[in-house]
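Beneath this line is the structure, given in structure tokens, with notes to follow.
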Amino acid sequence: MRSFPILILGLLLWSAQAFAANPVVEMKTSAGVIRIELYRDKAPKTVANFLQYVKDGFYDGLVFHRVIDGFMIQGGGYYPDLRKKGGTRAPIENEAGNGLKNEVGTLAMARTSEPNSATAQFFINVADNGFLDFRAPTAAGFGYAVFGKVSQGMETVMRIAHTPTGSGGPFAKDVPRQPVIIQSITLITDK
């Protein structure tokens, strides 16, 4: 009889952890597969925005259009011929003040110089980029919102980061000479 309350307590703890788990997406690229845990608990609006683009298939067939070895790889806005993809939704609130840092392997939202301008484009840090972190609620100090981290496939991220780049389309530099295509992004767990 004593083991019954312990069993119930164990099941309750397990189910609380299962329900608290963050969603995971799988990004299939022409360079390999990347799995990313999304931090819904720290960046709920950003994760909801990203997941809606994922569910809509928005990223399928786009490329990593900006690759800077030792800094980051950016995608989510351009086709392989470097035409910009339209159809983005309204910009979202910048959640960079969530305590997460732009460290190696983290996923963050790309934006313009306006702090609350992120829509669909994202980047994966391939270095610790503390200068992108939130410092103050000002235009200069707002930072870039981290909302996930690579859980598998960092070798694929680094393969992309090391790809040769040059000019292309509207960009004077940092465009992979051989397109790195995002074939699909799929939600694989969402508890």
Side-chain angles (χ1 to χ4, degrees), residues 21-40 42-43 46-47 49-85 88 96 100-112 118-133 143-190:
N22 284 313
V24 175
V25 295
E26 182 173 84
M27 181 184 301
K28 291 183 181 174
T29 77
S30 57
V33 176
I34 305 164
R35 282 201 176 179
I36 304 165
E37 179 184 359
L38 303 176
Y39 298 139
R40 180 185 286 148
K42 297 282 190 177
T46 308
V47 169
N49 176 69
F50 183 77
L51 286 177
Q52 189 58 57
Y53 282 113
V54 167
K55 289 173 185 173
D56 293 345
F58 181 87
Y59 297 115
D60 300 357
L62 300 183
V63 295
F64 283 95
H65 64 276
R66 185 171 176 231
V67 171
I68 304 173
D69 195 8
F71 177 36
M72 60 88 221
I73 62 173
Q74 181 176 337
Y78 290 86
Y79 292 105
D81 63 3
L82 298 175
R83 282 179 300 120
K84 187 170 186 161
K85 181 168 184 173
T88 57
L100 298 173
K101 306 294 182 196
N102 281 277
E103 298 171 336
V104 173
T106 56
L107 179 70
M109 288 306 292
R111 62 174 178 80
T112 67
T119 57
Q121 290 189 42
F122 60 86
F123 61 93
I124 300 173
N125 289 289
V126 298
D128 290 338
N129 294 314
F131 67 97
L132 298 178
D133 294 340
Y144 293 76
V146 171
F147 67 102
K149 186 165 186 171
V150 173
S151 58
Q152 293 177 20
M154 198 60 198
E155 68 282 355
T156 299
V157 172
M158 297 312 290
R159 189 175 307 116
I160 296 168
H162 297 319
T163 194
T165 61
S167 63
F171 306 105
K173 59 182 181 172
D174 304 324
V175 177
R177 292 180 191 209
Q178 184 73 6
V180 179
I181 299 169
I182 299 167
Q183 297 161 336
S184 65
I185 304 179
T186 308
L187 179 63
I188 58 170
T189 63
D190 188 10

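A pairwise comparison of heavy atoms in Ile36 and Ser151 identifies N-OG, 4.1 Å as the closest pair. Looking at every heavy atom in both residues, Leu82 comes nearest to Gly168 through CD1-C, 3.3 Å. Across all non-hydrogen atoms, the minimal contact from Ser30 to Pro179 is OG-O, 3.7 Å. The minimum heavy-atom distance between Ala96 and Gly143, with the atom names listed, is CB-C, 3.8 Å. Closest of all the heavy-atom pairs between Tyr78 and Gln121 is CE1-NE2, 3.8 Å. Across all non-hydrogen atoms, the minimal contact from Thr186 to Ser184 is OG1-OG, 4.1 Å.
Interatomic distance, CD of Gln152 versus CE of Met27, reported as 13.5 Å (0.5 Å rounding). Note that OG1 of Thr88 and OH of Tyr53 are 4.5 Å apart. Values are rounded to the nearest 0.5 Å. Note that CD of Glu103 and NZ of Lys101 are 8.0 Å apart. Values are rounded to the nearest 0.5 Å. Between the CG atom of Asn129 and the CZ atom of Phe131 there is a distance of 4.5 Å, given to the nearest 0.5 Å. Atom CD1 of Ile185 is separated from atom NZ of Lys55 by 13.5 Å, given to the nearest 0.5 angstrom. One finds the CD1 atom of Ile73 at 10.5 Å from the NE2 atom of His162 (value rounded to the nearest 0.5 Å).
Looking only at distances, no side-chain donor or acceptor of Arg40 sits under 3.5 Å from a matching main-chain atom of Asn22. Distance alone, capped at 3.5 Å, is enough to place a donor-acceptor pair between the Tyr59 side chain and the Ala120 backbone. In terms of modelled atom types and a separation under 3.5 Å, the side chain of Thr163 and the main chain of Ile160 share no donor-acceptor contact. Without hydrogens or angle criteria, Asn102 side chain to Leu132 main chain gives a donor-acceptor distance under 3.5 Å. Proximity of a side-chain donor or acceptor of Asp174 to a complementary backbone N or O of Ser167 within less than 3.5 Å is not detected.
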Exercise for review: Go through the steps to decide whether Arg35 and Glu26 satisfy the test salt bridge (Lys or Arg N to Asp or Glu O under 4.0 Å), and finish with yes or no.
Suggested key: CA-CA 4 Å; Arg35 282 201 176 179; Glu26 182 173 84; 3.1 Å; yes
Practice item. Determine, stepwise, if the pair Ile34 / Thr156 fulfils side-chain contact (heavy atoms from CB on, under 4.5 Å). Key: CA-CA 7 Å; Ile34 305 164; Thr156 299; 3.8 Å; yes
Review point. Could you go step by step and tell me if Val126 and Met158 meet the side-chain contact (heavy atoms from CB on, under 4.5 Å) rule?
Key: CA-CA 7 Å; Val126 298; Met158 297 312 290; 3.9 Å; yes
Point to revise | Intermediate values then yes/no, side-chain contact (heavy atoms from CB on, under 4.5 Å), Asn49 and Met109 | key: CA-CA 10 Å; Asn49 176 69; Met109 288 306 292; 4.0 Å; yes
Check your understanding: Can Phe147 and Leu100 be said to form a side-chain contact (heavy atoms from CB on, under 4.5 Å), step by step?
Key -> CA-CA 8 Å; Phe147 67 102; Leu100 298 173; 5.9 Å; no
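Under the 4.5 Å side-chain criterion, counting only non-hydrogen atoms from C-beta, Val150 is in contact with Val157. With contacts defined as side-chain heavy-atom distances shorter than 4.5 Å, the pair Val25/Leu51 qualifies. Looking at Pro23 and Val47, their side chains come closer than 4.5 Å, going by heavy atoms from C-beta outward. Counting heavy atoms from C-beta on, the side chains of Val180 and Val63 never come closer than 4.5 Å. The side-chain heavy atoms of Ile181 and Thr29, taken from C-beta on, include no pair separated by under 4.5 Å. No side-chain heavy atom of Ile68 sits less than 4.5 Å from a side-chain heavy atom of Lys173.
The cationic atom of Arg66 (NZ for Lys, CZ for Arg) does not lie both less than 6.0 Å from the six-membered ring centre of Phe171 and within 45° of the ring axis. For the pair Lys85 and Phe58, the cation-pi test (distance below 6.0 Å, angle within 45°) is passed.
Inspection of the Asn125 and Thr106 side chains reveals an N or O donor paired with an N or O acceptor under 3.5 Å.
Using the six-membered ring where Trp is involved, Tyr144 and Phe123 have ring planes that are perpendicular, over 60° apart on the 30 and 60° scheme.
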